[in-house]
Student: 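Below are the structure tokens for one structure; questions will follow.
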Protein chains: 2
Amino acid sequence: MGSEQCRTEDLCDRSQRVEPTEAEVARDRSQPGEPSDAALVRDRSQPVSIRDVARAAGFSYQTVSRVINESPNVSDATRDAVLAAIAELRFRPNRAARALAGGPLQAVTVLATSTSLYGYAAAIEGIEEATREVGFAMGFRTLKGVEPEAMHEAVERAIEPASGLIVIAFDPAGALALECVPPEVPTAAMIQAPAAGLTPAPSHVWIDEFAAAKAATKYLLDLGHQTVHHVPIPDWSGSTPRLAGWRAALQEAGVQPGLVLKGGWTAEWGYEAGLALAKQPEVTAVLCGNDEIALGLMRAMYENGRAIPEDVSVIGFDDVPYARFAFPALTTVRQDFKALGRVCFARLLELGEAGLSIGHAETPQAELVVRETAGPPASATEGSSARPPPRATA
Amino acid sequence: MGSEQCRTEDLCDRSQRVEPTEAEVARDRSQPGEPSDAALVRDRSQPVSIRDVARAAGFSYQTVSRVINESPNVSDATRDAVLAAIAELRFRPNRAARALAGGPLQAVTVLATSTSLYGYAAAIEGIEEATREVGFAMGFRTLKGVEPEAMHEAVERAIEPASGLIVIAFDPAGALALECVPPEVPTAAMIQAPAAGLTPAPSHVWIDEFAAAKAATKYLLDLGHQTVHHVPIPDWSGSTPRLAGWRAALQEAGVQPGLVLKGGWTAEWGYEAGLALAKQPEVTAVLCGNDEIALGLMRAMYENGRAIPEDVSVIGFDDVPYARFAFPALTTVRQDFKALGRVCFARLLELGEAGLSIGHAETPQAELVVRETAGPPASATEGSSARPPPRATA
DNA sequence: CGATATCCTGCATACGTTTTTCCAATCTGT
DNA sequence: ACAGATTGGAAAAACGTATGCAGGATATCG
């Protein structure tokens with residue numbers, strides 16, 4: 001109701017001011033003369049321009065532009081008047097026009113391999129939330145099915161004027177994409193870990209997965225397991241921080257490292273690895289590259305009569321929402337990708353000349369969440385029970 | 001090879017033509033005179049404009065525009081020459097400029113409550129894939145935390161010139177957002193089901209969940225269950241197609257309907273519902289509003305000594321990727337949200353005046369995927385076993 | 001009180017594209 | 001061969017915003 005009334009007033013105000021200065025309208029709307037009924041045509045979806053605001057406030061539209069862009073050379077009185085007019089008219093700047101005129105950063109495009117994998121989806125959610133706070137638009141482009149040779153082209157396509165880039169470089173495709181970004185494009189990235197030796201770019205963010213994997217592996221070792229096996233997530237440089245952390249813990253404990261299986265992102269990979277591992281009775285503990293893998297592996301273990309955690313302990317990575325409802329509930333390393341997304345966008349903002357920033361952007365810590373899938377090895381208590389799984393076929 | 005040669009010729013052509021006509025360049029680049037070194041400044045991220053293409057092809061830049069927009073009044077020879085120049089220079093039209101000049105639809109913004117819930121993530125993936133095929137940009141905006149009163153404002157903010165809208169209206173917030181979209185904005189939507197009685201908008205798409213829920217319920221009934229209970233997903237109008245289908249199957253079978261629990265989207269809700277249901281021995285079959293709910297419910301059942309499927313059968317909805325790796329593997333109703341996303345975008349495209357379209361866009365069918373969580377009730381075979389779950393605490 | 005520095009504002013132009021208008025060239029039919 | 005019809009291509013005006021430049025107003029100082 002209130003807003004309804006407000007809008008009516010706006011209309012009145014506007015028509016009252018505009019009517020007597022028909023000439024002014026024509027002059028103001030486009031430098032050379034123009035059919036004077038221009039005002040009547042303004043009923044499109046984005047009807048109010050800075051010119052309308054300027055007219056309402058009684059200044060030239062350039063001054064309005066200065067207010068919007070927080071130019072220092074505007075008197076407080078003018079600024080307030082313009083701001084009031086902006087609020088009054090519910091003006092929102094036209095993104096396309098700003099971009100065209102070389103305005104400041106006002107959008108991000110996220111480049112990622114997937115939207116449905118948990119880590120990616122959560123990161124996107126965090127980024128979106130952050131963009132909303134500062135009025136940025138968020139675009140999205142997938143890297144799926146892009147051949148390495150075509151990556152340059154794919155990245156180029158994602159670049160728009162007045163728009164930054166956030167690359168989720170958790171996987172080979174993402175990392176390659178990151179390398180393909182021209183240096184002049186404002187870019188931030190979520191990476192697995194900074195390259196060894198090099199000082200990481202300030203706009204690259206990551207969670208310390210090395211330490212987390214090491215701690216998780218140590219946790220299993222401390223439980224009494226002889227060694228720990230690993231099913232990694234995909235990588236392209238021969239290792240991942242998760243794998244490296246696992247290896248480091250094993251070395252530190254002076255223990256012979258377990259097997260490294262073939263890795264992937266999905267439960268299928270975990271299932272395959274589980275099938276292979278289940279056949280080997282000496283396998284009692286597995287650190288999985290992510291929770292999907294862990295879930296698939298657990299399934300394979302059960303199918304082969306290996307009880308969890310009695311016969312084999314499993315630890316996942318990420319803490320997907322359903323991990324705690326798995327059966328048994330999955331012990332895992334929680335990673336707050338949403339928070340990391342926020343941080344990443346904050347870094348991008350710091351790159352831009354715009355004085356914008358968002359609140360609450362601290363790099364999250366990984367954290368071991370102990371639930372039910374990890375316990376002492378059977379040898380530490382009694383013989384393996386190898387109880388068959390609770391299936392209908394039992 | 002042929003095209004290779006062609007390109008070389010173009011290059012020669014170009015340098016020969018451009019060099020001697022420095023003045024022409026200046027004239028061409030901006031109507032009033034301009035510092036003639038403008039060409040030197042062109043080393044930004046989007047360096048090549050239609051003017052560059054025109055110069056390379058030997059035509060005016062307006063002709064290039066016509067070729068791009070497939071205007072009929074361009075000779076084949078001219079078109080080919082321009083197209084060659086475009087390929088040569090790797091020209092890509094500037095989205096902002098096209099939008100500003102009132103060009104055709106070239107972007108979509110997806111409005112949805114969540115990115116991480118499976119159905120949403122999959123739909124987004126489908127939409128993204130489809131947008132890529134026709135060179136559209138894809139934006140994304142979340143509805144999370146938007147109060148109903150603020151919805152209009154939130155939707156308005158998501159509207160950009162030359163950009164359509166896709167609303168994922170599976171939930172109350174999405175449905176409200178859909179209502180808030182001004183009629184002049186090209187919009188398509190994914191909905192739960194068309195409103196009863198009304199002819200659905202041609203740009204609204206949905207999967208026949210009613211039939212699927214009915215079939216799933218019937219499947220349980222045919223297995224010998226006395227009745228089926230239901231844990232719904234959230235809704236605002238008192239029902240959902242899934243719930244209605246469930247009820248219809250029960251009515252058709254002349255069976256007293258089971259309980260309708262309080263619903264939500266996540267496993268937590270299913271867990272709570274499961275806790276309540278597990279206490280009632282007469283509960284032998286539950287249709288869940290989605291797979292997360294089913295997983296949470298299964299967990300609650302196990303914790304209370306109710307074996308699945310021996311004591312209670314469970315059917316989920318959606319077929320999330322990890323459903324088949326759950327333990328027992330979840331019987332569920334598969335829904336191809338990715339395909340639905342494609343279809344939705346195809347509908348949006350049909351709305352636009354642009355003659356664009358994408359391949360492979362048929363509304364997907366829901367499909368019951370029989371796995372391990374549904375079986376005949378214990379009464380149909382013998383007494384309930386109530387075997388304790390395979391936990392460490394056992 | 002006048003001069004100078006400072007601050008604010010308006011003017012003109014640019015951004016890359018679409019679109020409308022218009023003219024020239026080509027083709028058709030007789 | 002000529003009038004008319006048709007077609008191909010060019011010119012110019014938008015679209016909404018940003019910004020360098022210059023001029024005007026105001027404040028400060030001598």
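Naming: A, B, ... by sequence-line order, numbering from 1 per chain. Remember, it's a predicted structure, so these values are computed and weren't measured experimentally. Values below: every heavy atom of this structure, side chains too, minus hydrogens, waters and symmetry copies.
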Student: Could you state the CZ-C1' distance from A:Arg51 to D:dA14, rounded to the nearest angstrom?
Tutor: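 So the CZ-C1' distance, A:Arg51 to D:dA14, works out to 10 Å.
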Student: Whole angstroms only, please: what is the CZ-P distance between A:Arg95 and D:dA18?
Tutor: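 After rounding, the reported distance stands at 12 Å.
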Student: Would you say the side-chain atoms of A:Thr187 pair up with the backbone N or O of A:Val185, donor to acceptor, closer than 3.5 Å?
Tutor: yes
Student: Starting the side chain at C-beta, find the nucleotide from D:dT19, C:dG16, C:dT18 nearest to A:Gln62.
Tutor: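 It is D:dT19.
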Student: Output the single nucleotide from D:dA12, C:dT18, D:dG16 whose closest atom is nearest the side chain of B:Ala101.
Tutor: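 For B:Ala101, the side-chain atoms sit closest to C:dT18.
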Student: Tell me whether the side-chain N/O atoms of B:Ser60 come closer than 4.0 Å to OP1 or OP2 in D:dG9.
Tutor: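 Looking at the OP1 and OP2 atoms of D:dG9, neither is under 4.0 Å from any side-chain N or O of B:Ser60.
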Student: Among the candidates D:dA13, C:dA12, C:dG16, find the nucleotide nearest to the side-chain atoms of B:Asn94.
Tutor: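 Nearest nucleotide to the side chain: C:dG16.
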Student: Just the rounded figure in Å: distance from P of C:dT18 to CD1 of B:Ile50.
Tutor: 6 Å
Student: For A:Val48 and A:Arg90, which heavy atoms make the closest approach, and how far apart are they?
Tutor: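 Heavy-atom minimum between the residues: CG1-O, 4.2 Å.
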Student: Reckon A:Thr63 has a side-chain N or O less than 4.0 Å from the OP1 or OP2 of C:dT9?
Tutor: no
Student: From the set D:dA11, C:dC11, D:dG16, return the single nucleotide nearest to any side-chain atom of A:Arg66.
Tutor: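 Looking only at side-chain atoms, A:Arg66 lies closest to C:dC11.
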Student: Closer than 4.0 Å, any side-chain N/O of A:Ser49 to the OP1 or OP2 of D:dC15?
Tutor: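 It does not, given that no N or O in the side chain of A:Ser49 lies less than 4.0 Å from OP1 or OP2 of D:dC15.
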Student: Would you kindly give the CZ-to-P distance between A:Arg79 and C:dC7, to the nearest whole Å?
Tutor: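 For the pair A:Arg79 CZ and C:dC7 P, the rounded distance is 14 Å.
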Student: Minimum heavy-atom separation for B:Phe136 and B:Leu105, please, with both atom names.
Tutor: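 Shortest heavy-atom separation between B:Phe136 and B:Leu105 comes out as CZ-O, 3.2 Å.
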Student: Between atom CG in B:Asn69 and atom P in C:dG16, what is the gap in whole Å?
Tutor: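 Nearest whole value for this atom pair: 17 Å.
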Student: Among D:dA10, C:dG10, D:dG16, which nucleotide has an atom closest to any side-chain atom of B:Leu100?
Tutor: D:dG16
Student: B:Ser75 side chain N/O closer than 4.0 Å to the phosphate oxygens (OP1, OP2) of D:dG9?
Tutor: yes
Student: If you only use heavy atoms from C-beta on, which nucleotide in C:dG10, D:dG8, C:dA12 is closest to the side chain of B:Thr78?
Tutor: D:dG8
Student: A:Tyr61 OH to D:dA18 P: how many Å, rounded?
Tutor: 11 Å
Student: Hey, is the main chain of A:His360 close enough, under 3.5 Å, to the side chain of A:Arg342 for a donor-acceptor pair?
Tutor: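 Side chain of A:Arg342 to backbone of A:His360: a pair is present.
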Student: How many Å lie between CG on B:Asp76 and C1' on D:dT7, as a whole number?
Tutor: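 My rounded result for the distance is 13 Å.
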Student: Can you tell me if CD on B:Glu70 sees more than 12 non-hydrogen neighbours from other groups inside 6.0 Å?
Tutor: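 Atom CD in B:Glu70 is not crowded, with 12 or fewer foreign heavy atoms closer than 6.0 Å.
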Student: Looking for any heavy atom pair under 4.0 Å, which part of the strands does A:Ser71 touch: base, sugar-phosphate only, or nothing?
Tutor: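 If one applies the 4.0 Å heavy-atom cut-off, A:Ser71 turns out to touch nothing in the nucleic acid.
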Student: Here's a test of your reading of the structure: between B:Ala97 and B:Val74, which maps to the more 5' nucleotide of DNA chain D?
Tutor: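 Its nearest nucleotide lies further toward 5', so the answer is B:Val74.
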Student: Quick one: does any side-chain atom of B:Asp52 pair with a main-chain N or O of B:Ser49 as donor and acceptor, under 3.5 Å?
Tutor: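 Yes.
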Student: Ignoring the backbone of B:Phe91, work out which of D:dT17, C:dT17, D:dA12 is nearest its side chain.
Tutor: C:dT17
Student: Round to the nearest Å and state the distance from B:Phe59 atom CZ to C:dA25 atom C1'.
Tutor: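 Answer to the nearest Å: 14 Å.
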